[in-house]
**Student:** 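One structure, as structure tokens, below. Some questions next.
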Amino acid sequence: MPELPEVETTRRGVAPYCRGQVVQELVVRESRLRWPVPPQLGGLIANQTIQEVERRGKYLLFRTAVGSLLVHLGMSGSLRVVDSGQAPGRHDHIDVRMLSGSCLRFHDPRRFGCFLWLEPGEQHPLLSQLGPEPLSDAFDGDYLYRLSRGRSAPVKSFIMDAKVVVGVGNIYANEVLFLSGIHPRRAAGRISRARYTVLADNIKQVLTSSIEQGGTTLRDFVGGDGKPGYFALRLYAYGRGGEPCKRCGGLLREIRLGQRTTVFCVTCQR
DNA sequence: CGCTGACCCTGACGGC
DNA sequence: TGCCGTCAGGGTCAGC
């Protein structure tokens, strides 16, 4: 489920139940995630106080004095807060039980997510390669323009590359390219600075409004099913292959780009 | 170095 | 009803 707004919404939803709380124990029912959950993880985090819940790209960091729990939700993962007494269901792989009686429960049918440990000051290879946050000042049209020179990969693959910028997943890549009038297969290196400025602005705008809308569904993370669901994002392209373009009425085309379904309007996107 | 495709895994869904 | 292929919002990695 997670695109960046979902991850940020998750962070905001669980943080009040984690911040300042002491971890009683980690219960790992299934350790076979994207990478095996380190056997020593429980011992490392037990009795530690979670000082803060941070986000870097689509990674969540639960910071303690002796290191950080690094969590990724993969494709199907979710975190929610439940009472420690509540029985786990299918695919509820990990519990972070707090002394307070609250429990952070990790659910992930496809097991593409991960639970790892980060020593203080350690530069984890998963994080050190990441590009700028899309909502930061470091990310703008000039940045995209400069980085893309000489690149022949499709612009959609380019903006979905976490080394370029974090947090632009398949849904938002489709939407943002539609809004910007850019053909998803256009070579990244052959797009003007002006068009990259439009694209970067659209990325910021769409992600920002999705995060804002996520805030209104926060209660779903606590005690509920842990699914934020789709935000009330008005979809122009994603999932609309074969349907009429909301701008010109022509039929949207669907192709596959880097194993990802890609939808666009041949008329409005060049 | 940049790019492409295989792969990780389960579940839902459509066609037969 | 079952079986089969395809697809799903993540990312890494090998090989060219």
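All values below were derived from every heavy atom in this structure, side-chain atoms included, with hydrogens, water molecules and symmetry-related copies excluded. A, B, ... follow the sequence lines: proteins, then strands. Residue 1 opens every chain.
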**Student:** Rounded to whole Å, please give me the gap between CZ in R256(A) and P in dT4(B).
**Tutor:** 15 Å
**Student:** Can you give me the N/O atom pairs linking the protein to nucleotides 12-14 of chain C at distances under 3.5 Å, or say none if there are none?
**Tutor:**
residue, atom, partner, partner atom, Å
dT12(C), O4', R34(A), NH2, 2.7

**Student:** For nucleotides 11-14 of chain B, list the nitrogen or oxygen atoms of the protein found under 3.5 Å from its nitrogen or oxygen atoms, one pair per line.
**Tutor:**
residue, atom, partner, partner atom, Å
dG11(B), OP1, R90(A), NE, 3.0
dG11(B), OP1, R90(A), NH2, 2.6
dG11(B), OP1, H91(A), NE2, 2.6
dG11(B), OP2, R90(A), NH2, 3.2

**Student:** Just to confirm, is there a sub-4.0 Å distance from OP1 or OP2 of dG9(C) to any side-chain nitrogen or oxygen of Y238(A)?
**Tutor:**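 True: Y238(A) side-chain N/O within range (under 4.0 Å) of dG9(C) OP1/OP2.
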**Student:** Say you pick atom P in dC7(B) and the same atom in dG5(C); how far apart are they, in whole Å?
**Tutor:** 16 Å
**Student:** Under the salt bridge (charged side-chain N to carboxylate O under 4.0 Å, His left out) rule, collect the residues that match up with R63(A), sequence neighbours excluded.
**Tutor:** E54(A)
**Student:** Does the side chain of V164(A) reach to within under 4.5 Å of the side chain of L144(A), using non-hydrogen atoms?
**Tutor:**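 Side chain of V164(A) against side chain of L144(A), heavy atoms only: contact under 4.5 Å found.
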**Student:** Please list residues of residues 147-160 of chain A whose heavy atoms come under 4.0 Å from any atom in DNA chain C, ordered by number; otherwise none.
**Tutor:** none
**Student:** Can you tell me whether the side chain of E3(A) and the base of dG10(C) have a donor-acceptor pair closer than 3.5 Å?
**Tutor:** no
**Student:** What is the distance from CG of D108(A) to C1' of dG9(C), rounded to the nearest Å?
**Tutor:**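 It is 13 Å, rounded to the nearest whole Å.
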**Student:** Please step through side-chain contact (heavy atoms from CB on, under 4.5 Å) for the pair Y17(A) and C103(A), ending with a clear verdict.
**Tutor:** CA-CA 9 Å; Y17(A) 298 85; C103(A) 170; over 6 Å; no
**Student:** Check the distance between dT6(C)'s C1' and Q259(A)'s CD and give it to me in whole angstrom.
**Tutor:** 14 Å
**Student:** Going by atom types alone, do R256(A) and T261(A) pair a side-chain donor with an acceptor below 3.5 Å?
**Tutor:**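 Indeed, the side chains of R256(A) and T261(A) share at least one donor-acceptor pair under 3.5 Å.
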**Student:** In whole angstrom, give the distance that lies between atom CZ of R32(A) and atom P of dT10(B).
**Tutor:** 7 Å
**Student:** For the base of dG10(C), is there a side-chain donor-acceptor partner from R260(A) under 3.5 Å away?
**Tutor:** yes
**Student:** Would you kindly give the CE-to-P distance between M75(A) and dG9(C), to the nearest whole Å?
**Tutor:**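 Nearest whole value for this atom pair: 5 Å.
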**Student:** What pairs with R185(A) under salt bridge (charged side-chain N to carboxylate O under 4.0 Å, His left out), at least two apart in sequence or on another chain?
**Tutor:**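 Once residues adjacent in sequence are excluded, R185(A) has no partner under the salt bridge (charged side-chain N to carboxylate O under 4.0 Å, His left out) criterion.
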**Student:** Could R55(A) and E133(A) be called an ion pair, given the rule that one side-chain N must be under 4.0 Å from one carboxylate O?
**Tutor:**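 Looking at E133(A) together with R55(A), the answer is yes, because their closest N to O distance falls below 4.0 Å.
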**Student:** Going by the ring pair (Phe, Tyr, Trp, His ring centres under 6.0 Å) test, which pairs reach into residues 56-81 of chain A, not counting sequence neighbours?
**Tutor:**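 Counting only pairs at least two positions apart or across chains, the ring pair (Phe, Tyr, Trp, His ring centres under 6.0 Å) contacts touching residues 56-81 of chain A are Y59(A)-H72(A).
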**Student:** CD1 of I255(A) versus C1' of dG5(B): gap in Å, rounded?
**Tutor:**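 Going from CD1 in I255(A) over to C1' in dG5(B) covers 16 Å.
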**Student:** Out of dA8(C), dC9(B), dG11(C), which nucleotide sits closest to the side chain of H72(A)?
**Tutor:**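 Nearest listed nucleotide: dG11(C).
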**Student:** Among dT10(B), dC7(B), dG9(C), which is the nearest nucleotide to the side chain of R111(A)?
**Tutor:**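 Closest nucleotide among those given: dT10(B).
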**Student:** Restricting to salt bridge (charged side-chain N to carboxylate O under 4.0 Å, His left out), what partner residues turn up for D140(A), sequence neighbours left out?
**Tutor:**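 None.
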**Student:** Applying the 5.5 Å / 30° rule, does F112(A) stack onto the base of dC8(B)?
**Tutor:** yes
**Student:** If you check the T261(A) side chain, which of dC8(B), dC7(C), dC7(B) turns out closest?
**Tutor:**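 Nearest to the side-chain atoms of T261(A), counting from C-beta on, is dC7(C).
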**Student:** Output the distance between atom CZ (R11(A)) and atom CG (L60(A)), rounded to the nearest 0.5 Å.
**Tutor:**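 CG of L60(A) is found 8.5 Å from CZ of R11(A).
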**Student:** So, using salt bridge (charged side-chain N to carboxylate O under 4.0 Å, His left out) as the criterion, who are the partners of R19(A) when residues are at least two apart?
**Tutor:** E52(A)
**Student:** Just to verify, what does R149(A) make a side-chain contact (heavy atoms from CB on, under 4.5 Å) with, not counting sequence neighbours?
**Tutor:** Y145(A), Y196(A)
**Student:** In whole Å, what separates the P atom of dG9(C) from that of dC13(B)?
**Tutor:** 15 Å
**Student:** Could you tell me how far apart L70(A) (CG) and dG10(C) (P) are, to the nearest whole angstrom?
**Tutor:**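 About 17 Å, once rounded to whole Å.
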**Student:** Could you provide the dot-bracket string of DNA chain B, using ( ) for intrastrand pairs, [ ] for crossing pairs and | for bases paired to another strand, with Watson-Crick or G-U pairs below 3.5 Å?
**Tutor:** .|||||||.|||||||
**Student:** Give me each pair satisfying side-chain hydrogen bond (donor to acceptor under 3.5 Å, both in side chains) with a member in residues 240-251 of chain A, each pair once, sequence neighbours excluded.
**Tutor:**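 Qualifying pairs: R240(A)-E243(A).
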**Student:** Identify the heavy atoms of C18(A) and L104(A) that sit nearest to each other, and give their distance.
**Tutor:** SG-CD2, 4.0 Å
**Student:** Could I get the full list of ring-ring contact (aromatic ring centres under 6.0 Å, His included) partners for F115(A), not counting sequence neighbours?
**Tutor:** F106(A)
**Student:** State, without any angle test, whether D92(A) and H107(A) hold a side-chain donor-acceptor pair at a distance under 3.5 Å.
**Tutor:**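 Yes, because at least one side-chain N or O of D92(A) sits under 3.5 Å from a partner of the opposite role on H107(A).
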**Student:** Can you measure N170(A) atom CG to dG11(C) atom C1' for me and round it to whole angstrom units?
**Tutor:** 13 Å
